[in-house]
Amino acid sequence: MRYWLMKSEPDVFGIDHLIEMPNQTEHWDGIRNYQARNFMRDDMKIGDQVLFYHSNAKKIGVVGTMEVVREAYPDHTQFDPNSKYHDPKSKEDNPRWIMVDIKFKEKFNDVVTLAELKEIPELSEMRLLQKGNRLSILPVEENEYQIIVELGRKK
DNA sequence: GCCAACGTTGGC
DNA sequence: GCCAACGTTGGC
């Protein structure tokens, strides 16, 4: 089993949106970065555990956890001319972009903020905290995942 | 709103 | 293949 962190802007799709979805499950569409896509396509498996991260928010940080419930399949928004994620270069018979399905697991009482994460020595190697990181999907080490979930549950 | 740090595009 | 110009992400 692997561990991941996935970013989303709460104004667009936050953890509360996920909680309100049918079966508390939603497809993670709109990924248009090749590295992030490759993580989803090649390495993300059913049962993988995921930290839900709010970016561009009043309170930036990890807000809860989710689980992968469906592995990579084509992201339909790439073929929709009305979608902001429309990609005219992507062909139906050879889709460029894919997505996975994610199910809600747990919401912390409060955000484990980015500032807090930066202060924890054990997390100093986290990819999330490295300079210049902009990937919206990142692998997380098991111990890093455990530390963050423990912090969240104490909130 | 600013801007650093990327990633992508396209001319050559 | 190089690289300038442009676009995006995301923290502050």
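Chain A is the first sequence line, chain B the second, and so forth, proteins listed ahead of strands; every chain is numbered from 1. All heavy atoms count here, side chains included; hydrogens, waters and symmetry mates do not.
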> Does a side-chain N-to-carboxylate-O contact under 4.0 Å join A:Asp75 and A:Arg96?
Replying inline: no
> So, for A:Trp28 and A:Phe52, is the gap between ring centers shorter than 6.0 Å?
Replying inline: yes
State whether a side-chain donor-acceptor pair under 3.5 Å links [X] with [Y].
X        : Y       : answer
A:Asp101 : A:Tyr73 : yes
A:Arg153 : A:Thr65 : no
A:Lys105 : A:Gln24 : no

>> Show me the pairs that pass side chain to side chain donor-acceptor pair (under 3.5 Å) and involve residues 118-134 of chain A, at least two apart or across chains.
In response: none
>> Which residues in residues 48-62 of chain A have a heavy atom closer than 4.0 Å to any atom of DNA chain C?
In response: A:Tyr53, A:Ser55, A:Asn56, A:Ile60
> Excluding sequence neighbours, so at least two apart, what forms salt bridge (charged side-chain N to carboxylate O under 4.0 Å, His left out) with A:Lys155?
Replying inline: A:Glu116
> Heavy atom of residues 129-140 of chain A under 4.0 Å from DNA chain B: which residues?
Replying inline: A:Lys131, A:Gly132, A:Arg134
> Which two nucleotides bound the region of DNA chain B that has atoms under 4.0 Å from heavy atoms of chain A, read 5' to 3'?
Replying inline: B:dA5 to B:dG10
> To the nearest 0.5 Å, how far apart are CG in A:Leu135 and CG in A:Leu128?
Replying inline: 10.5 Å
> Checking ring-ring contact (aromatic ring centres under 6.0 Å, His included) for the pair A:Tyr34/A:Trp97: CA distance, chi angles, key distance, verdict?
Replying inline: CA-CA 8 Å; A:Tyr34 288 104; A:Trp97 305 111; 4.8 Å; yes
Can you give each donor-acceptor pair under 3.5 Å made by side-chain atoms of residues 54-63 of chain A, sequence neighbours left out, with the distance rounded to 0.1 Å?
from, atom 1, to, atom 2, distance (Å)
A:His54, NE2, A:Ile15, N, 3.1
A:Asn56, ND2, A:Glu9, OE2, 3.1
A:Lys59, NZ, A:Asp110, OD1, 3.1
A:Lys59, NZ, A:Asp110, OD2, 3.0

